[in-house]
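First the proteins, then the strands, lettered A, B, ... as listed; each starts at 1.
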2 protein chains.
Amino acid sequence: MEQFKNYLIEHNIRPSLQRLMIYEYLYKNHNHPTADDIYSALSPLIPTLSKTTVYNTLKLFVHNGVAITLNIEGNELRYDADTSVHGHFKCKGCGNLFDIRISGTPEVEGIDGFQVDEYQINIKGYCKICKVEK
Amino acid sequence: MEQFKNYLIEHNIRPSLQRLMIYEYLYKNHNHPTADDIYSALSPLIPTLSKTTVYNTLKLFVHNGVAITLNIEGNELRYDADTSVHGHFKCKGCGNLFDIRISGTPEVEGIDGFQVDEYQINIKGYCKICKVEK
DNA sequence: GTGCTTGCAAATCGTTTGCAATAGC
DNA sequence: GCTATTGCAAACGATTTGCAAGCAC
């Protein structure tokens, strides 16, 4: 818990109870939750927690660089405390989201001189299990 | 116009006026519009056009493989008639969306044996112009 | 006590759904 | 005539906003 506290402080985020717990949840659960997932998980632990706070906090996290958003599904935003470059695979069968390690960024053309801040690789399809069952 | 008509028919899409015009708009405007953009652009030309039809049509296009969706921004879905594998760069300054050519898909790890249907590379940052102005 | 943080309620926005009117083969 | 398509209105769900109460330094 102390590690998280310092990490947030380093990123100019005052470590309130809510923020600490939301960050801890994000860090420990690599399931790329939505704001609603986080709210549902933490609401029993912090009975007064509101969704607004979850949204506020996540926006702050992204802005201060301790989390990234995943735009893999059109209608919802998912969050990830792993801010390093990596990809995601969304299974259209079971709905699970898998992390993908990327070895060597691909050659891209058309953005010479552009400043790259975020880099997302999203792949959709069917995972091993769902593929077989089709 | 005739070319589009045949293209749609080939993909089992009955070429109604609305569908033809929506496809033509998508094909000719490489600005990756939202459903709303398309509605706004075509509404003056087809006064009775409804947003529902735009949504229905776009969903049909994606399902039948003549368009793809872009999930680069969390709250909105964008559409692209270019169904080949290519990436997109979203400038956080001017909001413009640039096409990126990708030479050689990157090495990925973690999805051995998975069936890949869609492949998206989304990059965000600042384009040449906005980068300078910052 | 001043400013940041929280949290309720209402509003907003993109999208979907139910259903009746319409058009095309 | 039957089926696919259209389009209005209402519903929906994720997110944002306005604002008042609470907390921390």
Hey, do the aromatic rings of A:Phe61 and A:Tyr79 have their centres closer than 6.0 Å?
no
With B:Asp37 via side chain to side chain donor-acceptor pair (under 3.5 Å) - residues at least two apart
B:Thr34
Can you check whether B:Gln18 has a side-chain N or O nearer than 4.0 Å to OP1 or OP2 of C:dA23?
no
Using a 4.0 Å cut-off on heavy atoms, which residues in residues 51-70 of chain A reach DNA chain D? List them by number, or say none.
A:Thr52, A:Tyr55, A:Lys59
Note: for B:Arg19 and B:Pro47 on DNA chain D, the residue whose nearest nucleotide lies more 5' is B:Arg19
Can you say whether the rings of A:Tyr23 and A:Tyr7 are parallel (under 30°), tilted (30 to 60°) or perpendicular (over 60°)?
tilted
Out of D:dT15, C:dC8, C:dT15, which has the shortest distance to the side chain of B:Leu77?
C:dT15
Which whole-number value in Å describes the distance from B:Arg78 CZ to C:dT15 C1'?
15 Å
Whole angstroms only, please: what is the CG-P distance between B:Asp36 and C:dT15?
8 Å
Following the transitive rule for hydrophobic clusters with a side-chain heavy-atom cut-off under 4.5 Å over Ile, Leu, Val, Met, Phe, Trp and Tyr, establish whether B:Ile68 and B:Phe98 coincide in one cluster.
no
For A:Thr34, answer base if it contacts any base atom (sugar-phosphate contacts may also be present), sugar-phosphate if it contacts only those atoms, and nothing otherwise; contact means non-hydrogen atoms under 4.0 Å.
nothing
Report the distance from atom CD of B:Glu73 to atom P of D:dT15, rounded to the nearest whole Å.
13 Å
Nearest heavy-atom pair of B:Tyr126 and B:Cys91: which atoms, and what distance?
CA-SG, 3.9 Å
B:His63 atom NE2, neighbour heavy-atom count above 12 within 6.0 Å:
no
State whether B:Arg14 places a side-chain N or O below 4.0 Å from either non-bridging phosphate oxygen (OP1 or OP2) of C:dC25.
no
side-chain N/O A:Ser16 vs C:dT6 OP1/OP2, d < 4.0 Å:
yes
Quick check on DNA chain D: between B:Thr48 and A:Tyr79, whose nearest nucleotide comes earlier from the 5' end?
B:Thr48
